[in-house]
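As structure tokens, the structure follows; a few thoughts come after it.
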Amino acid sequence: MLVAKVGGRFHSLRTDIHLTGLRRVENLNERGIRVVRGDITTLDVDAVVNAANTTLLGGGGVDGAIHYAAGPELLEECRRLGGCPTGEARVTRGHALKARWVIHTVGPIWKGGNRGEAKLLAACYESSLKLAAEHQLKSIAFPAISTGAYAYPLKEATEIAIASVTNFTRQADVFDEILFCCYTGEDFAMYKKLLRAVKA
Ligand code: AR6
């Protein structure tokens, strides 16, 4: 990996095949936690995480994009799972995606913050990582769960995403790479800002 020190910080110049097509990549820390900007369906990782709903039968946003890119076999496999409660995760094959697996998790709908949303959102990250570890997966990419249609405030959701993932890796350092995949510039800027504050 080629690393350059630019403006006092280290920036990765690595251009892995699995990250081509992404507009920007920011190295975060030595535990392989990174933030990338782009479309999660293009990533060549062991698993992409889907921000699904409790039916697991598809929808809009990143769920729609993953189902579109994976093809109809993904929906067929999801039908057999019989849904998934909020905060839990289920795994399927990646089908036509480059990613070998899809981990479907269901984020909470934001209802003002007093309905257990924070615990449920943290549970999404934890249950997804647990499932990935059980399947011996080494690389995983997360979208910003619940921050789209489910309206979770971006800063609070990002804090939970980062805390959940870093806590997990401190206890079980089994992943080579954990990516936060941001679709919008606003999300990308937020993740970069909050991740810089985290010590591995
Ligand atoms: N790659 C990466 N991130 C994406 C992509 C993409 N291709 N497309 C959207 N995002 P959302 P939620 C980002 O609404 O809030 C669905 O209908 C998006 O910019 O996809 O958890 C489900 O079926 C945002 O930052 O998921 C559920 O009913 C993030 O993904 C419901 O929406 C999450 O936005 C789930 O809502």
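Read the numbers this way: they start at 1 and go in the same order the structure lists the ligands and their atoms. What you see is a predicted model; the values in this text were computed from it and never measured. Note that these values count all heavy atoms, side chains included, but never hydrogens, waters or copies made by symmetry.
Through side-chain heavy atoms spaced under 4.5 Å, either directly or across other Ile, Leu, Val, Met, Phe, Trp or Tyr residues, Leu75 is tied to Leu57.
Distance CD/Glu159 to OG/Ser164: 11.0 Å, rounded to 0.5 Å. Distance CE/Met190 to CG/Leu154: 4.5 Å, rounded to 0.5 Å.
Residue pairs meeting the salt bridge (charged side-chain N to carboxylate O under 4.0 Å, His left out) criterion with at least one member in residues 68-86: none, sequence neighbours excluded.
The salt bridge (Lys or Arg N to Asp or Glu O under 4.0 Å) check on Glu126 picks up nothing, with sequence neighbours excluded.
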Extract all N/O-N/O pairs under 3.5 Å that connect ligand 1 to the protein, and present each with both atom names and the distance rounded to 0.1 Å.
from, atom 1, to, atom 2, distance (Å)
ligand 1, 1 (N), Ile40, N, 3.0
ligand 1, 7 (N), Asp39, OD1, 2.9
ligand 1, 14 (O), Ala149, N, 2.8
ligand 1, 15 (O), Ser146, O, 3.4
ligand 1, 15 (O), Thr147, N, 3.4
ligand 1, 15 (O), Gly148, N, 2.8
ligand 1, 15 (O), Ala149, N, 3.1
ligand 1, 15 (O), Tyr150, N, 3.1
ligand 1, 17 (O), Gly60, N, 2.8
ligand 1, 20 (O), Val62, N, 2.8
ligand 1, 21 (O), Ser146, N, 2.8
ligand 1, 23 (O), Asn53, ND2, 2.7
ligand 1, 23 (O), Asp63, OD2, 2.7
ligand 1, 25 (O), Thr147, OG1, 3.1
ligand 1, 25 (O), Asp187, OD2, 3.0
ligand 1, 28 (O), Asn53, ND2, 3.4
ligand 1, 28 (O), Tyr150, OH, 3.3
ligand 1, 34 (O), Gly148, N, 3.4

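The shortest non-hydrogen separation linking Leu179 to Leu43 is CD1-CD1, 4.1 Å.
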